[in-house]
Amino acid sequence: MGRESNIEPKYDILAVITLNKDRVLSGKPLTLLAQNEEEQKEITADIAKALKAEIVRMKTKDYLIIRE
């Protein structure tokens with residue numbers, strides 16, 4: 001059976017942390033531009049800890065902070 005399109009995901013994307021300025025868009029979720037990989041990892045870890053959320057690293061090397 002296929003997945004129904006009216007089913008909402010069971011998680012929220014709280015933030016995206018990227019190194020690519022072309023991926024920074026307004027709206028939900030919060031999107032932050034880091035200067036380098038070290039800063040990106042630090043920002044991601046700090047926000048995830050503060051929000052008690054999980055971190056997902058994408059193939060594009062962007063990080064998502066999500067909560068179920």
Side-chain angles (χ1 to χ4, degrees):
M1 222 187 239
R3 183 174 175 181
E4 292 189 33
S5 62
N6 63 351
I7 297 175
E8 295 204 22
K10 296 180 181 182
Y11 59 87
D12 289 320
I13 300 173
L14 305 176
V16 177
I17 298 84
T18 185
L19 296 172
N20 185 338
K21 66 180 178 181
D22 295 329
R23 290 195 192 110
V24 177
L25 303 171
S26 61
K28 188 179 177 185
L30 171 67
T31 306
L32 300 173
L33 177 63
Q35 299 297 317
N36 54 54
E37 285 186 42
E38 183 179 331
E39 181 183 55
Q40 183 185 31
K41 289 176 185 178
E42 288 176 5
I43 290 170
T44 302
D46 289 346
I47 293 173
K49 183 177 179 180
L51 298 176
K52 297 180 181 173
E54 301 294 322
I55 298 170
V56 176
R57 184 171 188 256
M58 299 173 54
K59 289 181 182 179
T60 60
K61 298 185 181 177
D62 295 334
Y63 287 89
L64 299 179
I65 299 175
I66 64 170
R67 186 180 317 155
E68 289 189 43

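If you read the sequence from its start, that first residue is 1, and numbering goes on from there.
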Quiz prompt | Residues clustering with Val24 (ILVMFWY side chains joined when closer than 4.5 Å, directly or via others) | solution = Leu33

N/O donor to acceptor pairs below 3.5 angstrom from side-chain atoms of residues 43-60, sequence neighbours left out:
residue, atom, partner, partner atom, Å
Thr44, OG1, Gln40, O, 2.7
Arg57, NE, Tyr63, OH, 3.4
Thr60, OG1, Asp62, OD2, 3.2

Self-check item: Path from Leu32 to Leu14 over hydrophobic side-chain contacts below 4.5 Å
Solution: yes

Quiz item: What are the two closest non-hydrogen atoms of Ala15 and Pro29, and how far apart are they?
Solution: N-CB, 3.9 Å

Quiz item: Can you find a pair of side-chain heavy atoms, one from Ile17 and one from Ile65, that are under 4.5 Å apart?
Solution: yes

Self-check item: Gap separating the NZ atom of Lys61 from the OG1 atom of Thr18, nearest 0.5 angstrom
Solution: 11.5 Å

